[in-house]
Amino acid sequence: MSTPDTSIEKKETLNFIEQIVKDDLAAGKNGGRLQTRFPPEPNGYLHIGHAKAIAMDFGVAERFGGVCYLRMDDTNPQKEDHEYVEAIERDIEWLGYHWSKVLYASDYFQDLWDFAVALIKQGRAYVDEQTSEQIAAQKGTPTRPGTESPFRNRPVEESLRLFEEMNSGHVEPGRMVLRAKIDMASDNMHFRDPILYRVLNMPHIRTGNKWNAYPMYDFTHGQCDYLEGVTHSICTLEFVPHRPLYDLFVDWMKETRGEDLADHRPRQFEFNKLNLNYTLMSKRNLLILTKEGVVSGWDDPRMPTICGIRRRGYSPESIRKFIDKIGYTTFDALNDVKLLESAVRADLNERATRVSAVLDPVRLVITNYPEGQVEELEVQNNPERPEEGTHTIEFSRNLWIERADFKEEADKKFFRMTPGKETRLKGAYIVDCTGCKKNEQTGEIEEVYCTYDPTSKAGTEGANRKVKGTIHWLSVDHCLPAEVRNYQCLWTCENPRDAIKQYEEEHGVRGIDAMRPFLNPDSICINRNAFVEKFLLTRQPLDYLQFTRTGYYNVDPDSTPEHLVFNSTVSLKEDKGK
RNA sequence: UGGGUCAUGGUGUAAUGGUAACACUACAGGUUUUGGUUCUGUCAUUCUGGGUUCGAAUCCCGGUGACCCAACCA
């Protein structure tokens, strides 16, 4: 199959981070080097919000001739797993980005340990033996300064000895932590003697049983950036208050290691993270949805995860296009999913193979078409791209059409099939509707009748007359049954995150119980009465399709020739008359 | 009532002291063998009050509103 040219068109304006990078490069900062990193924690699946960060981290490096490493931020073995490492790599590749190296924060555990020991010796860190409750109580509040720990000024040797013990495996988690000695009265809460190391006594996915005490995020990230040679450490806005601490630890590390090259220093920049209306993004909440069975898994097509979106039928190009459109700023935006849908429609319009599928069938009999006659008609795979060729579809006397495409009595806004009016059967003939048969009890329409104009075959001269309505169809004896899963938003409210939080506060419940009131009961609708054309047997899992006049669909990975399964990606845009 | 960040149409982004632009949505219409696509048109005195300036979305001051920070998470 040929691939449409969907390469991202070059943007004319730079976002504020690209501008900084460009200026830094022009000024010869960092010795003219550009290095970024994408640092996910392997504790869950990537979602579309990560795609925005990926597009920034890899994108800026690509654009300005730098490098971008993938660095797993694996400092908390309680939550991390190989499963996630593999999924993260798979998803980044699917999005079309390439890392020059995969690194792990745990690669630097020894450096961080040595650095921590040095800080203790310098009197800049101490082991605190208070409980977490005591430490929290002493932290103060944003409006009230904290108080100093009674262990703050303990002898260096004592801290050194206890720090070693923390890593021995014989100290109970929670018994003691290593803290930096900074300022318990700082306006920045992160400066109130932050915790550097905690005891977990737990094997790590990479380092096994080597370590029992593990470094915290703030004591890891900047130093890893520094040791790796990252020049621009780009992250989201919630890390703005961490930046002074990031800089402080980098300074301390430079000083301790005696490396005072002014150029050799990473700097942190922050952009707004992706918020989408009718979408819940946080990993914690997505985990609840999978655990509670609200969705079938991380790759449920309703999930905002990369794997969910992929299974739903989105193309990587459409996601990149969307991210390109929403841009990067420092404004806390709530983006409209309609922009994402428009991006996927634009992309799929270019690449999706057009096929016929009847989702709610009613029988149409062409009374003047000979019984037993079958014609093989040629239909275009994609009218937007004639070079994609054609495929054949059988036509006969008995067809399936959509129930909604026939009305016994129609107003003038309805221009599909109705008695006494001509309708075009797409790619076949023009027909004249003659009537229908109804169930005597229920009044339900059981069959629709029409006659065809044999001179109006598609592609011939006789087809060239104006017919207002065109409908799709399938030959009853030549189509296949299929399961079609139709999806809608998982949430009924624009901002589920806030709605859930508010519900938690008002009703004193948490987790799934606070989510249930906002879940859309119609988010999945499984249709087992659908029919599709035989041509679909040739399609592969995840292939992009358009069910003509209905929407974009793709082949679910569970689909087999014996049991065809399709997922709705997004509907076609609809004009109101319908 | 502390600190940090932010504010441009319904949504998001641009305009780097000089005519407020673009995309999406919505609405109206043309084309069309998909009520799709495509094409045309319509929709803002830039949160507010003052100041600086020949000139302010942009710079300064005061309001107002929103978000982030008090995890041994990242």
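Letters A, B, ... mirror the listed sequences (proteins, then strands); counts begin at 1.
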What's the gap between B:rU19 and B:rU58 when it is taken at their P atoms, as a whole Å value? 14 Å
Measuring only the C1' atom in each nucleotide, how far is B:rU16 from B:rU11? A whole number of Å is fine. 25 Å
Is there a donor-acceptor pair under 3.5 Å between the side chain of A:Ser168 and the backbone N or O of A:Met166? no
So which of A:Tyr214, A:Tyr126, A:Phe163 actually passes ring pair (Phe, Tyr, Trp, His ring centres under 6.0 Å) with A:Tyr197? A:Phe163
Please state whether the base of B:rA71 and the side chain of A:His190 form at least one donor-acceptor pair under 3.5 Å? no
Of the options B:rA7, B:rU34, B:rC72, whose atoms approach the side-chain atoms of A:Ser132 most closely? B:rC72
Who is the Watson-Crick or G-U wobble partner of B:rU64, with both distances under 3.5 Å? B:rA7
Is it the case that B:rG4 (base atoms only) and A:Glu270 (side chain only) share a donor and an acceptor within less than 3.5 Å, ignoring hydrogens and angles? no
Should A:Arg198 be listed as having a side-chain N or O under 4.0 Å from OP1 or OP2 of B:rA74? yes
Please give the distance between the P atoms of B:rU34 and B:rA21 as a whole number of Å. 35 Å
Is it the case that the side chains of A:Gln19 and A:Asp23 hold a donor-acceptor pair, with the cut-off being a distance below 3.5 Å and no angle test? yes
With a 4.0 Å cutoff (strictly under), does any side-chain N or O of A:Lys139 reach OP1 or OP2 of B:rA71? no
Do the non-hydrogen side-chain atoms of A:Phe38 and A:His50 ever get within less than 4.5 Å of each other? yes
Tell which nucleotide pairs with B:rU19, taking only Watson-Crick or G-U wobble pairs whose two distances are both under 3.5 angstrom. none
Is A:Gln130 touching bases, backbone alone, or none of the nucleic acid, heavy atoms closer than 4.0 Å? base
Check every atom of B:rA74, B:rA70, B:rG35 against the side chain of A:Thr141 and return the nucleotide holding the closest atom. B:rA70
Between B:rU25 and A:Lys573, is there an OP1 or OP2 to side-chain N/O distance shorter than 4.0 Å? yes
Using the P atom on both, measure B:rG3 against B:rG63 and round to a whole Å. 12 Å
C1' atoms of B:rU13 and B:rU25, separation to the nearest Å: 15 Å
Among B:rU33, B:rA74, B:rC72, which nucleotide sits nearest the side chain of A:Asn76? B:rA74
Listed nucleotide nearest any side-chain atom of A:Met189, set B:rA70, B:rC24, B:rC68: B:rA70
Taking B:rU53 as the reference, what is the distance to B:rG18 when you measure between their C1' atoms (whole Å, please)? 12 Å
Roughly how many Å apart are B:rC43 and B:rG36, using the C1' atom of each and rounding to a whole number? 25 Å
Ignoring backbone atoms, establish whether A:Thr75 has a side-chain N or O less than 4.0 Å from OP1 or OP2 of B:rA74. yes
Is any side-chain heavy atom of A:His472 less than 4.5 Å from a side-chain heavy atom of A:Thr550? yes
Considering only heavy atoms and no angle criterion, is a donor-acceptor pair shorter than 3.5 Å present between the side chain of A:Gln546 and the base of B:rU34? yes
Can you find an N or O donor on one side and an acceptor on the other, under 3.5 Å apart, linking the side chain of A:Arg345 with the base of B:rU37? no
Where the side chain of A:Leu572 is concerned, which of B:rU34, B:rC73, B:rC6 is the nearest nucleotide? B:rU34
Do A:Glu384 and A:Arg351 come within less than 4.5 Å of each other through their side chains, counting heavy atoms only? no
Separation of B:rC72 C1' from A:Leu200 CG (nearest whole Å): 8 Å
Has the side chain of A:Arg416 got a donor or acceptor that lies under 3.5 Å from a partner of the other kind on the base of B:rG35? yes
